[in-house]
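Comments concern the structure below.
Whatever order the structure lists them in is the order used to number ligands and atoms, beginning at 1.
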Amino acid sequence: MLSKVHHVGIVVKSADEALNFYRDALGLPVTADRVIEDQGVRGVLLQIGESEIELLEPVREGTGVARFLETRGEGMHHVCFESDDVDKELDAARAKGIQLIDEKPRLGLAGMICFLHPKSNHGVLVEFATPLAEGHH
Ligand code: CO
């Protein structure tokens with residue numbers, strides 16, 4: 001079951017510069033900050049209430065996030081809904097004919113994640129995530 005907005009993903013040129021706003025000006029605490037090699041991004045999560053902001057900075061060319069930054073500039077990239085069972089959400093979306101990006105959930109910054117294609121979601125890239133147990137952030 002989908003339970004809440006887990007995070008909003010925002011593509012930035014520089015996570016360090018973006019932290020001047022999200023961490024320093026808004027006062028949001030950073031809960032994770034690491035490079036996800038297979039996606040070619042540095043991801044930074046900041047807590048806001050029960051949800052998070054996910055900053056995505058491309059660290060190499062040729063990735064989806066790098067192309068997004070080149071063509072559309074900085075800005076909102078995706079919204080992520082939390083589920084207790086990401087496999088089940090993905091199967092249900094597939095059964096309803098929703099166009100998928102990921103055929104199987106994979107490990108991401110927010111836990112086990114998958115993406116649905118924006119063409120099926122009224123122009124919004126949608127992510128499902130099931131966070132890992134505490135301590136594996
Ligand atoms: Co995300």
Relative to each other, are the rings of Phe128 and Phe81 parallel, tilted or perpendicular (30° and 60° limits)?
tilted
What lies under 2.8 Å from the Co ion (ligand 1), restricted to protein N/O/S atoms, is His7 NE2, Glu54 OE1, His78 NE2, Glu127 OE1
Show your reasoning for whether side-chain hydrogen bond (donor to acceptor under 3.5 Å, both in side chains) applies to Thr31 and Glu52.
CA-CA 9 Å; Thr31 58; Glu52 288 170 299; 3.0 Å; yes
May I ask you to decide whether Arg23 forms a salt bridge with Asp16, counting only side-chain N to carboxylate O separations under 4.0 Å?
no
Between the main-chain N or O of Gln99 and the side-chain N or O of Lys119, is there a donor-acceptor pair closer than 3.5 Å?
no
Hydrogens and angles aside, do Thr63 and Gln39 bring a side-chain donor and acceptor to less than 3.5 Å of each other?
no
My understanding is that only one of Ile101, Val126, Asp102 makes a side chain to side chain contact (heavy atoms under 4.5 Å, CB included) with Leu116; could you say which?
Val126
